[in-house]
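Computed over heavy atoms, backbone and side chain alike; hydrogens, waters and symmetry mates excluded.
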Amino acid sequence: MTPQEKVEKIIEAADDMKAEQIETLDVRAKTSIAEFFIVCSGNSDRHVQSIAERVAEKLEISRIKPIRTEGERSGWVLQDYGDVVFHVMREEQRQFYDLETLWNTMAPDPNLKA
């Protein structure tokens, strides 16, 4: 499955669970750890967990499992699918860490080949 197909499946699953403010960040020119980050919000710890579970279930149907999952039951769950990293967090944490601004303002890495 291509990274773009993973992005589409993750967004679809998160949207099914009423995730809020789903954003895709193209980080290919900024880091070698992933091609895309997907960031979205849930309105409670339980909602965050439910969104993360649904995403994992949907991708597992295609035989794709996260390399690792971090932060379960903490209000911020990260699922690393290799070329796509999915973040779902409560709105307060999302505003505090502001991943979108961080990654959008970061200069491209001159060591990465385009």
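Contact record, Phe86 with Ala52: CE2-CA, 4.3 Å, taken as the closest heavy-atom pair. For Tyr81 against Pro66, the heavy-atom pair with the smallest separation is CE2-N, 3.4 Å. Considering every non-hydrogen atom in both Asp45 and Gly75, the closest pair reads OD1-CA, 3.3 Å. The minimum heavy-atom distance linking Val84 with Pro3 is given by the pair CG2-O, 3.6 Å.
Within the 4.5 Å cutoff, side-chain heavy atoms of Cys40 are placed close to those of Ile51. Between Val77 and Glu53, the closest side-chain pair of non-hydrogen atoms is not below 4.5 Å. A heavy-atom distance below 4.5 Å is not found between the side chains of Leu78 and Thr69. A 4.5 Å side-chain heavy-atom check between Val55 and Gln79 finds at least one atom pair inside the cut-off. Residues Lys18 and His47 meet the side-chain proximity criterion, which asks for heavy atoms closer than 4.5 Å. Within the 4.5 Å cutoff, the side chain of Asp16 has heavy atoms near those of the Arg54 side chain. Side chains of Val39 and Leu25 form a contact here, defined as non-hydrogen atoms less than 4.5 Å apart. Under the 4.5 Å side-chain criterion, counting only non-hydrogen atoms from C-beta, Leu99 is not in contact with Arg94.
With hydrophobic clusters built from ILVMFWY side chains whose heavy atoms lie under 4.5 angstrom apart, Ile11 does not share a cluster with Val27. In the hydrophobic clustering of ILVMFWY residues, with side-chain heavy atoms under 4.5 Å counting as a link, Val88 and Tyr97 come out apart. With hydrophobic clusters built from ILVMFWY side chains whose heavy atoms lie under 4.5 angstrom apart, Ile10 shares a cluster with Phe36.
Although no hydrogens or angles enter the test, the distance criterion places no donor-acceptor pair under 3.5 Å between the side chain of Ser62 and the main chain of Ile64. In this structure, Ser50 contributes its side chain and Arg46 its backbone to a donor-acceptor pair below 3.5 Å.
Using the six-membered ring where Trp is involved, Trp103 and Phe37 have ring planes that are perpendicular, over 60° apart on the 30 and 60° scheme.
To the nearest 0.5 angstrom, Asp98 atom CG is 13.5 Å from Gln93 atom CD. In this structure, CD1 in Ile67 is found 13.5 Å from NZ in Lys65, a value given to the nearest 0.5 Å. Put simply, CZ on Arg28 and CD on Glu35 are 6.0 Å apart, with the number rounded to the nearest 0.5 Å. The CG atom of Asp80 lies 8.5 Å from the NE2 atom of His87; values are rounded to the nearest 0.5 Å. The NZ atom of Lys30 sits 8.5 Å away from atom CG of Asp26, with the distance rounded to the nearest 0.5 Å.
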TODO: Show your working on side chain to side chain contact (heavy atoms under 4.5 Å, CB included) between Ile38 and Val7 and close with a plain yes or no.
DONE: CA-CA 7 Å; Ile38 300 170; Val7 166; 4.0 Å; yes
- [ ] Check the pair Arg90 / Trp76 against side chain to side chain contact (heavy atoms under 4.5 Å, CB included), numbers first and verdict last.
- [x] CA-CA 7 Å; Arg90 286 193 338 258; Trp76 178 359; over 6 Å; no
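Residue Ser41 is tested with Glu91, Gln95, Glu20 for a side-chain hydrogen bond (donor to acceptor under 3.5 Å, both in side chains); the sole match is Glu91.
Between Glu8 and Lys6 there is no salt bridge, since no side-chain nitrogen of the basic residue lies less than 4.0 Å from a carboxylate oxygen of the acidic one.
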